[in-house]
There are 2 protein chains.
Amino acid sequence: MELVRIYESLCEPTRLRLLHVLAAGPLCVCHFQAVLREPQVKISKHLGYLRARGLVECEREGNWMIYRLPAKPSRELRSNLACLQDCVRENPVFRRDRARLAKLAPRLARTGPACCP
Amino acid sequence: MELVRIYESLCEPTRLRLLHVLAAGPLCVCHFQAVLREPQVKISKHLGYLRARGLVECEREGNWMIYRLPAKPSRELRSNLACLQDCVRENPVFRRDRARLAKLAPRLARTGPACCP
DNA sequence: GATTCATATTCCCTCAAGGGAATATGAATC
DNA sequence: GATTCATATTCCCTTGAGGGAATATGAATC
């Protein structure tokens, strides 16, 4: 059941944070590290997990791997991502992530989702 | 994070079916067995799991345990249950459960959620 | 109080998840 | 081609989930 794969992907806080941040746009791994302040292994493993289950897509760009939400998400995935965004709106951890992401915004605007140009 | 507990509860098919059936109203364990056609241990364990995480409530009535959705669900839980109902609407397994539940409806109307009067 | 019925719990097993340290990979640069 | 940088993978460990058989519990009945 696809739904179960989705819920399995959602039942870990780091992955929720990754998906929440991704909702704002594509991002490379080192930016995730900067935003979540979690070790590289952890970020990379969880992104790999999400990718294996089709919750994110990725593409290499030079040294960097750019992750994004799926271009054509299933109805189930769309509903659940929307529900997630709604649920975490007022959660301090997620707000903090958004705030850190916002500080990167000017750089992202210049260089695109990859880290350092 | 409460959200994670919710998603953990949702990432198993039997539990999704239980919650889906519960959305139609309170029910005792033996009715769950009849509707899901799963062994007693399995039903009981998963109901216990859901209960421990606050996704269902229960109350003894004579020999029977009546399970129901929480009287005052959190916003997160409400959103996710709604999302779940929406996602499974067209899924054959869940539809079959509903159909079997419907066949019990006349009896339920007479005796309440407990099994045999 | 012994039996019966509905339900819960225990025990045993297997398997996958999650964390971190260390190492591998693959692209770019010198 | 050696080095560097970003990212992925491997290895090792601990922990919890899930399934089923067997057993326990608690209420009702005889």
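Please read all numbers here as calculations on a predicted model, not as lab measurements. Proteins get letters first, then strands, A, B, ... in listed order; numbering begins at 1 in each.
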Compare all side-chain heavy atoms of B/L50 with those of B/L22 and state whether any distance is below 4.5 angstrom. no
Do A/V4 and A/I6 share a hydrophobic cluster (ILVMFWY, side-chain heavy atoms under 4.5 Å, transitive)? yes
Could you identify which residues of residues 14-23 of chain A place a heavy atom less than 4.0 Å from some atom of DNA chain D, listed by residue number, or say none? none
Can you tell me which residue pairs pass the ring pair (Phe, Tyr, Trp, His ring centres under 6.0 Å) test with a partner in residues 37-61 of chain B, sequence neighbours excluded? none
Close side-chain approach of A/P73 and A/L81, heavy atoms under 4.5 Å: no
Using heavy atoms and a sub-4.0 Å distance, could you list which residues of residues 42-57 of chain B are near DNA chain C? By number, please. B/S44, B/K45
Within residues 2-12 of chain B: residues closer than 4.0 Å to DNA chain C (heavy atoms): none
Determine the contact category for A/Y67: base if any of its heavy atoms lies under 4.0 Å from a base atom, sugar-phosphate if only primed atoms, P, OP1 or OP2 are that close, otherwise nothing. sugar-phosphate
Are side-chain heavy atoms of A/Y67 and A/C28 found at a separation under 4.5 Å? no
A/R75 atom CZ: more than 12 heavy-atom contacts under 6.0 Å: yes
For the backbone of A/Q40 and the side chain of A/S44, can you confirm whether one donor and one acceptor N or O come within less than 3.5 Å of each other? no
Is the closest side-chain donor-acceptor distance between A/E38 and A/T14 under 3.5 Å? no
What integer distance in Å separates B/E59:CD from D/dG26:C1'? 16 Å
Check against side-chain contact (heavy atoms from CB on, under 4.5 Å), A/V29 and A/I66: CA-CA 7 Å; A/V29 179; A/I66 313 298; over 6 Å; no
A/N63 CG to D/dA6 P, straight-line distance once rounded to whole Å: 7 Å
Assess whether side-chain contact (heavy atoms from CB on, under 4.5 Å) is satisfied between A/R17 and A/V93, documenting all intermediate values. CA-CA 8 Å; A/R17 294 171 70 193; A/V93 175; 3.5 Å; yes
Return one dot-bracket line describing DNA chain D 5' to 3' (Watson-Crick or G-U wobble pairs, both distances under 3.5 Å; ( ) same strand, [ ] crossing, | another strand, . none). ||||||||||||||||||||||||||||||
Taking atom CZ of A/R95 as the centre, does the number of heavy atoms from other residues, nucleotides or ligands within less than 6.0 Å exceed 12? no
Close residues, residues 34-41 of chain B, relative to DNA chain C [heavy-atom separation under 4.0 Å]: B/Q40, B/V41
Pair B/L3, A/L10 - check side-chain contact (heavy atoms from CB on, under 4.5 Å), show working. CA-CA 9 Å; B/L3 247 195; A/L10 296 180; over 6 Å; no
Nearest to the side chain of A/W64, heavy atoms from C-beta on, is which of D/dT7, C/dA8, D/dC5? D/dT7
For B/R51, does the CZ atom sit with more than 12 other heavy atoms under 6.0 Å from it, leaving out its own atoms? no
Let me know the distance between CD of B/E61 and C1' of C/dT7, rounded to the nearest Å. 14 Å
Distance-only, no hydrogens or angles: does the A/R15 side chain make a donor-acceptor pair with backbone N or O of A/E8 under 3.5 Å? yes
Would you mind reporting whether B/L77 and B/S74 have side-chain heavy atoms less than 4.5 Å apart? yes
